[in-house]
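One structure is given here, and the rest of the page talks about it.
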Amino acid sequence: MKRKNILILTTVALAALKHLSSIAESARIHYKLVRNGCPNAPAATLTDRQPVINLETYMQDVAVYSPVAGEVATVMASAGEFIGLSTPVLSILDTCDCWAQFNIRETPLSAFTPRKAIPAYIPALNRDVTLHVKYISPKADFTTWSASHATDTFEMRTFIVKMEIEACEGLRPGMSVLIDRKSIL
């Protein structure tokens with residue numbers, strides 16, 4: 001699906017929709033009888049409109065809209081399955097937000113400055129792309145420290161470098177992005 005809001009109605013919602021639709025239809029018929037002056041029809045009241053209001057409210061509750069324009073990556077609920085409120089139904093892949101994350105040691109970190117353009121290669125697409133450093137942050141201490149030498153007290157840390165990808169058509173989550181060390185050092 002290309003850039004459309006996604007609407008999902010579960011089987012339970014459809015059954016409720018049919019039930020409320022029949023109530024709304026009977027209210028509509030009752031309204032026509034009253035409007036045409038049928039002597040046996042009771043006068044229309046505010047409660048005659050209530051089934052229609054219930055139907056409209058229920059339809060607003062069962063409709064799920066995507067907050068971003070993208071494509072469906074994973075469907076987590078099946079037709080007929082009961083799901084709770086605030087339970088994810090789909091995961092949406094924002095095709096306009098493409099980025100790569102690298103774990104970089106301290107020694108070559110000086111080559112990665114914010115907004116710097118870095119050439120890269122995506123083997124799955126057989127295409128060269130340009131990356132732009134978005135941010136740099138340290139990884140958790142307990143797993144990323146290593147001694148630089150057995151006798152030194154200096155410890156090397158690992159940093160997360162997140163980079164935006166300029167042209168990302170065809171790019172999928174999990175694809176490899178390669179950077180040539182010689183091009184950045």
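Note that the structure is a prediction, hence the values are computed from the model and not measured.
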**OP:** Dump the intermediate steps for side-chain contact (heavy atoms from CB on, under 4.5 Å) on Ile160 and Phe102, then the final yes or no.
**Re:** CA-CA 6 Å; Ile160 296 171; Phe102 295 90; over 6 Å; no
Subject >> Least distance between heavy atoms, Ser176 atom then Pro123 atom >> reply: O-CD, 3.3 Å
Original post:
Side chains of Gln101 and Val161: does their closest heavy-atom pair fall under 4.5 Å?
Top reply: no
**OP:** Could you check Met76 against Val89 for side-chain contact (heavy atoms from CB on, under 4.5 Å), going step by step and ending with a plain yes or no?
**Re:** CA-CA 5 Å; Met76 297 171 216; Val89 179; over 6 Å; no
Original post:
Are Arg127 and Glu169 close enough for a salt bridge, meaning some N to O gap below 4.0 Å?
Top reply: no
Original post:
Between Thr130 (side chain) and Ala117 (backbone), is there a donor-acceptor pair under 3.5 Å?
Top reply: no
**OP:** Could you grab the distance from atom CE of Met163 to atom SG of Cys98, nearest 0.5 Å is fine?
**Re:** 15.0 Å
Original post:
Within the distance-only criterion (no hydrogens, no angle test), does the side chain of Lys139 pair as donor or acceptor with the backbone N or O of Asn103 below 3.5 angstrom?
Top reply: no
**OP:** Could you walk me through whether Leu93 and Val72 pass side-chain contact (heavy atoms from CB on, under 4.5 Å), step by step?
**Re:** CA-CA 6 Å; Leu93 187 64; Val72 176; over 6 Å; no
Original post:
Can you name the salt bridge (Lys or Arg N to Asp or Glu O under 4.0 Å) partners of Glu166, sequence neighbours left out?
Top reply: none
**OP:** May I ask you to list the residues sharing a hydrophobic cluster with Leu178, side-chain cutoff 4.5 Å, ordered by chain and number?
**Re:** Tyr121
**OP:** Find out whether Leu171 and Ile122 are in side-chain contact, i.e. whether some heavy atom of one side chain is under 4.5 Å from a heavy atom of the other.
**Re:** yes
Original post:
Is it true that Val133 and Trp99 fall in one hydrophobic cluster, defined by side-chain heavy atoms closer than 4.5 Å?
Top reply: no
**OP:** Check the pair Phe159 / Arg105 against side-chain contact (heavy atoms from CB on, under 4.5 Å), numbers first and verdict last.
**Re:** CA-CA 6 Å; Phe159 287 78; Arg105 300 291 295 273; over 6 Å; no
Subject >> Separation of Leu131 CG from Lys162 NZ (nearest 0.5 Å) >> reply: 13.0 Å
Original post:
From Ile118 CD1 over to Thr113 OG1, what is the distance, rounded to the nearest 0.5 angstrom?
Top reply: 7.5 Å
Original post:
In Å and rounded to the nearest 0.5 Å, what is the OH to CZ distance from Tyr135 to Phe112?
Top reply: 14.5 Å
Original post:
How far apart are the closest heavy atoms of Ala120 and Val177, and which atoms are they?
Top reply: CB-CG1, 3.8 Å
**OP:** Output yes when Lys134 and Glu164 qualify as a salt bridge under the 4.0 Å nitrogen-oxygen rule, no when they do not.
**Re:** yes
**OP:** Drop me the distance from Leu90's CG to Glu71's CD, to the nearest 0.5 angstrom.
**Re:** 12.5 Å
